[in-house]
*Asks:* 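The structure that follows is given in the form of structure tokens.
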Amino acid sequence: MSTDLHFDQIRLPPECERLRKEVRLFLADEIAKGTFDPYRPGHGDSHDPSFSKRIGAKGWIGMTWPKKYGGQERSFLERYVVTEEFRVVNAPVRLHFVADRQSGPILLKYAPEHVKMDILPRICRGELCFVIGMSEPGSGSDLFAAKTKATKVDGGFKINGSKIWTSNAHIADYMLGLFRTSPPTKENRRHGLTQFLVNMKTPGIAINPIYQMTGQHDFNEVVFDDAFIPDDHVMGEIDGAWKQATSELAYERSGPERFLETFYLMLELIRAVGPEPDTRSAEGLGRLVAQLHTLRRMSVSVAGMLHAGKEPVVEGSIVKDLGTIWEQKLPHRVRELTAFLSPEIGNRATLEEQLAFATTVAPKLTIQGGTTEILRGIIARGLGLR
Amino acid sequence: MTGESDHIVAETAARILADLADPQIVNRAKNGAWKEPLWRALAEAGLPLAWVPDDLGGSGASLADGFAVLGAAGRVALGVPLAETLLAGWLLARAKMKSPEGAMTIAPVRPLDRITLGGDATLSGRALGILFAADVRHIAVLADSGKGAHVALVDVKACRIDGGKTPAGDSSNTVTFERIRPLAIAPANIDRDALMLVGAVARSVQTAGALETVLALSVAYANERVAFERPIGKFQAVQQNLARLAGEVAAALAVSGSATDTLVQSGKFDDAAFLEGASAKIRCAEAATEGAAIAHQVFGAIGFTQEHVLHRFTTRMLAWRDDFGNESWWAAELGKHVAKRGADEFWPLVASR
């Protein structure tokens, strides 16, 4: 615990820039083919099985994993480049993104060998969608209040209860879920939860859609009624899941997806103000550019430090705190900065469509994957305040 | 210079500053008597002229060394013209001019101020907000002329110096040049934009340093100060504020570090340096604004007293926002630059860093 914060000056190495060129060519080709429209982030399905398979064929899913599991053994910085290039064009990566970012790494660490050999290569080929089963109707940010039970039976566990806000559950093949195997102890309220791999085709699992305020279907409620999970699908220590969430979280928190979610508005703002903006527009744009550049340099730095084996837990949480607030405010800033522009500007229709979409998406950005309040609690702990 | 030597110079600076410019001791001092022994120690270690080559009277340290010294100076909210002398020496060295002994300052520091070199080889014009002009003997001036930018070394006594103080109480003067004959003059080899950029990065590094100390002080205070029978740092509202402060400190450290790294690695004043330097000045100034407000909120009334050391940091980092282009000016410049390149060139620019 310390107030010392560190950001190593990481510049992406040449192999990253070669890869970036390759990714840009691939994406330009997909856009030309009409796979997706980079200017219309709210349109179309963000989950596209054939597109995910083509990405898998390029070797860009699970690219840091060992070759024997279908990976490419490339660096985390190379993965960073792929992630950001896909994100800035709003490519539909929903099917494989969670598996690539966090589920695969958990399997790599905790799954038995035969499970790894079965599942990881399929993730790498872009065939599998994962869902995270953490929140419950009675427990959201307070993960360790989870009640959904896994009861020991012959050869495995029976699960009863429900998970909620499960993005992608309706299209997912597997869930990595947190279930209660023992009650908490007096000394440790985090004790008693175990992480499981759940095949979503298991009998006894029902999925109920919950539509979001954007009109999109992403959330679900997943209800377990005596769903059986075999023993070899236990991920890590029984009752000890609380010990397992460490460095993966830093990747999850500090990646480019934590500040680029509404990036399309930056491009639309630049188009709207034109090549010779007035002072107000120029100043507003310039501040946003400086803030974005700062966030990206912080994010690249955290990626580089993780890659070097360091544990920048506080720095990673700060990237998500600042980044999500920035991307959340962006639609409102763009709205203000375009207030005095001519009604005849060429991209008016696209701009307004994007603003309407981003404005409804914005509230979730500081909630998903750890709320602002939880992140700041983690930062405060890192500073030595708790 | 090797990485090791960076540490030696920075550690020397930190040691001298800890011994002779401790903020608590300086804050309690009745007068400026602490400044003389401090400056002597800094000068003996070659720090004020770190950016001046040996043959021009300096110590020939690297750009990285000098920025490390500025970070150390920021961490104690140093109120003597160390940064100004470093920058003045750097400017004189661009024109292959020798640096004089003693503290210097530099002009202009506001992007709209103009000092011109006339056909009679005299300087005319006015520069606002020149830090420490009333306290030093020489000013290094970047002047415009029909024959390109020139660097001039000017005796302060030859100029009109009007009073003024920053919120921190440091001299901040309007310097008027009325057909002043400089002590020396030579073609600059750099332009005003480059001077503003290096100055902006220097102020960003100082600001990030000051913010680091402000965070450490604020967290320590929140853990000590008891209210409602608990240290105030145990209250979530205070924790959230301190986490926000940490975010501002982190942003300032990361972006100022990135900008110095860029100048150190490339030495060019290209698009990359412009994005990095402008962003550093903008984001560090924003961090100063937010960070100062949060820190004062954490400290409450005691932080608003003369007796408490906090104001030495907050007022200086707020004042530094105005030097070498404030954040609004840089933002407008950066915005114009990005708009001119167009939307399709924007992501490639960001991703290139």
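Chain letters run A, B, ... following the sequence lines, proteins first and then strands; every chain starts at 1. These figures come from a predicted structure and were not determined experimentally.
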*Asks:* Counting heavy-atom pairs under 4.5 Å to chain A, which of Ala250(B), Gly233(B), Ala259(B) comes out on top?
*Replies:*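 Heavy-atom pair counts peak at Ala250(B).
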*Asks:* Take atom CD in Gln297(B); do more than 12 heavy atoms of anything else shown fall under 6.0 Å from it?
*Replies:*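 No, the 6.0 Å shell around CD holds no more than 12 heavy atoms from other groups.
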*Asks:* Would you say Arg280(A) has more than 12 foreign heavy atoms packed within less than 6.0 Å of its CZ?
*Replies:*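 Check passes, neighbour count above 12.
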*Asks:* Is any side-chain heavy atom of His337(B) closer than 4.5 Å to one of Val289(A)?
*Replies:*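 No, side chains not in contact.
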*Asks:* Can you name the closest pair of heavy atoms from Ala332(B) and Ala282(A) and give their distance?
*Replies:*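 For Ala332(B) versus Ala282(A), the nearest heavy atoms are O-CB, 3.6 Å.
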*Asks:* Determine, stepwise, if the pair Leu5(A) / Leu215(B) fulfils side-chain contact (heavy atoms from CB on, under 4.5 Å).
*Replies:* CA-CA 10 Å; Leu5(A) 301 167; Leu215(B) 177 65; 4.0 Å; yes
*Asks:* When only pairs under 4.5 Å are counted, which of Arg381(A), Glu84(A), Met266(A) shares the most heavy-atom pairs with chain B?
*Replies:*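 Top count of heavy-atom pairs under 4.5 Å with chain B: Glu84(A).
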*Asks:* Would you mind checking which part of Thr262(B) comes under 4.5 Å of any heavy atom in chain A, side chain (CB onward), backbone (N, CA, C, O), both or neither?
*Replies:*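 Answer is both: backbone and side chain atoms of Thr262(B) are under 4.5 Å from chain A.
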*Asks:* Quick check for you: among Ala243(B), Ala331(B), Ala220(B), Gly342(B), which has the greatest number of heavy-atom pairs under 4.5 Å with chain A?
*Replies:*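 With the most close heavy-atom pairs to chain A, the winner is Ala331(B).
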*Asks:* Test side-chain contact (heavy atoms from CB on, under 4.5 Å) on Gln239(B) and Arg376(A) and set out the steps.
*Replies:* CA-CA 7 Å; Gln239(B) 289 177 0; Arg376(A) 289 182 181 170; over 6 Å; no
*Asks:* Side chain of Lys234(B), backbone of Leu385(A): donor and acceptor closer than 3.5 Å?
*Replies:*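 Confirmed, Lys234(B) side chain pairs with Leu385(A) backbone.
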*Asks:* So which heavy atom on Ile318(A) is nearest to which on Gly247(B), and how close?
*Replies:*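 Closest heavy-atom pair between Ile318(A) and Gly247(B): CG2-CA, 3.7 Å.
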*Asks:* Please evaluate residues Lys336(B) and Ser281(A) with respect to the criterion side-chain contact (heavy atoms from CB on, under 4.5 Å), reporting the C-alpha separation (whole Å), side-chain torsions for both, the decisive distance (0.1 Å), and the verdict.
*Replies:* CA-CA 9 Å; Lys336(B) 279 186 249 173; Ser281(A) 302; over 6 Å; no
*Asks:* For chain A, which candidate among Thr260(B), Leu275(B), Leu253(B) shows the most heavy-atom pairs at distances under 4.5 Å?
*Replies:*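 Between Thr260(B), Leu275(B), Leu253(B), the count favours Leu275(B).
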*Asks:* Rounded to the nearest 0.5 Å, what separation is found between the CD atom of Glu333(B) and the CD atom of Glu283(A)?
*Replies:*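 Separation between the atoms: 11.5 Å.
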*Asks:* Minimum heavy-atom separation for Ala339(B) to Ile270(A), with atom names?
*Replies:*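 Scanning both residues, the minimum pair turns out to be CA-CG2, 4.3 Å.
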*Asks:* For Leu337(A), is it the side chain, the backbone, both or neither that has a heavy atom under 4.5 Å from a heavy atom of chain B?
*Replies:*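 Neither part.
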*Asks:* Let me know which of Arg296(A), His293(A), Arg297(A), Met298(A) forms a side chain to side chain contact (heavy atoms under 4.5 Å, CB included) with Val255(B).
*Replies:*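 Among Arg296(A), His293(A), Arg297(A), Met298(A), the one that satisfies the side chain to side chain contact (heavy atoms under 4.5 Å, CB included) with Val255(B) is His293(A).
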*Asks:* Which bit of Glu286(B) is near chain A, if near means a heavy-atom gap under 4.5 Å: side chain, backbone, both or neither?
*Replies:*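 The side chain, not the backbone.
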*Asks:* Given 3.5 Å as the limit, does a donor-acceptor pair link the side chain of Asn223(B) with the main chain of Gly384(A), or not?
*Replies:*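 Judged by distance alone, yes, a pair lies under 3.5 Å.
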*Asks:* Based on non-hydrogen pairs under 4.5 Å, which of Ala222(B), Ser328(B), Ala278(B), Pro231(B) is most in contact with chain A?
*Replies:*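 With the most close heavy-atom pairs to chain A, the winner is Ser328(B).
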*Asks:* Would you check, one step at a time, whether the test side-chain contact (heavy atoms from CB on, under 4.5 Å) holds for Glu212(B) with Thr3(A)?
*Replies:* CA-CA 8 Å; Glu212(B) 281 186 281; Thr3(A) 61; over 6 Å; no
*Asks:* Which residues from residues 346-353 of chain B are near chain A, with near meaning under 4.5 Å between non-hydrogen atoms?
*Replies:*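 So the qualifying residues are Phe346(B), Trp347(B), Pro348(B), Val350(B), Ala351(B), Arg353(B).
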*Asks:* Which pair of non-hydrogen atoms, one from Ser279(B) and one from Ala290(A), has the smallest distance, and what is that distance?
*Replies:*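 Heavy atoms of Ser279(B) and Ala290(A) come nearest at OG-CA, 3.4 Å.
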*Asks:* If you count heavy-atom pairs under 4.5 Å between each of Glu276(A), Gln291(A), Glu268(A), His6(A) and chain B, which one has the most?
*Replies:*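 Heavy-atom pairs under 4.5 Å are most numerous for Gln291(A).
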*Asks:* Could you check which of Ala254(B), Ser218(B), Ala252(B) has the highest count of heavy-atom pairs closer than 4.5 Å to chain A?
*Replies:*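 Ranked by heavy-atom pairs under 4.5 Å with chain A, first place is Ala254(B).
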*Asks:* Tell me, yes or no, whether the heavy-atom count around Arg225(B) atom CZ, taken from other residues, nucleotides or ligands under 6.0 Å, exceeds 12.
*Replies:*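 It does not: Arg225(B) CZ has 12 such atoms or fewer within range.
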*Asks:* Just give me the residue among Glu327(B), Arg244(B), Glu276(B), Gln236(B) that pairs up with chain A most often, heavy atom to heavy atom, under 4.5 Å.
*Replies:*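 Option with the top pair count is Glu276(B).
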*Asks:* So, the side chain of Gln240(B) versus the backbone of Glu373(A): is there a donor-acceptor pair under 3.5 Å, distance only?
*Replies:*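 Here the side-chain-to-backbone pair exists.
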*Asks:* Return the minimal non-hydrogen interatomic distance between Leu383(A) and Ala246(B), and the atom names on each side.
*Replies:*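 In terms of heavy atoms, the two residues are closest at CD1-CB, 4.0 Å.
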*Asks:* Which atoms of Ile325(A) are under 4.5 Å from chain B, going by heavy atoms: the side chain, the backbone, both sets, or neither?
*Replies:*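 For Ile325(A), no heavy atom lies under 4.5 Å from chain B.
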*Asks:* If I measure from the heavy atoms of chain B, does Arg24(A) come under 4.5 Å with its side chain, its backbone, both, or neither?
*Replies:*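 Just its side chain gets close to chain B.
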*Asks:* For each of Ile379(A), Leu12(A), Val88(A), Asp8(A), tally heavy-atom pairs with chain B at distances under 4.5 Å, and name the one with the top tally.
*Replies:*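 Top option by heavy-atom pairs under 4.5 Å: Val88(A).
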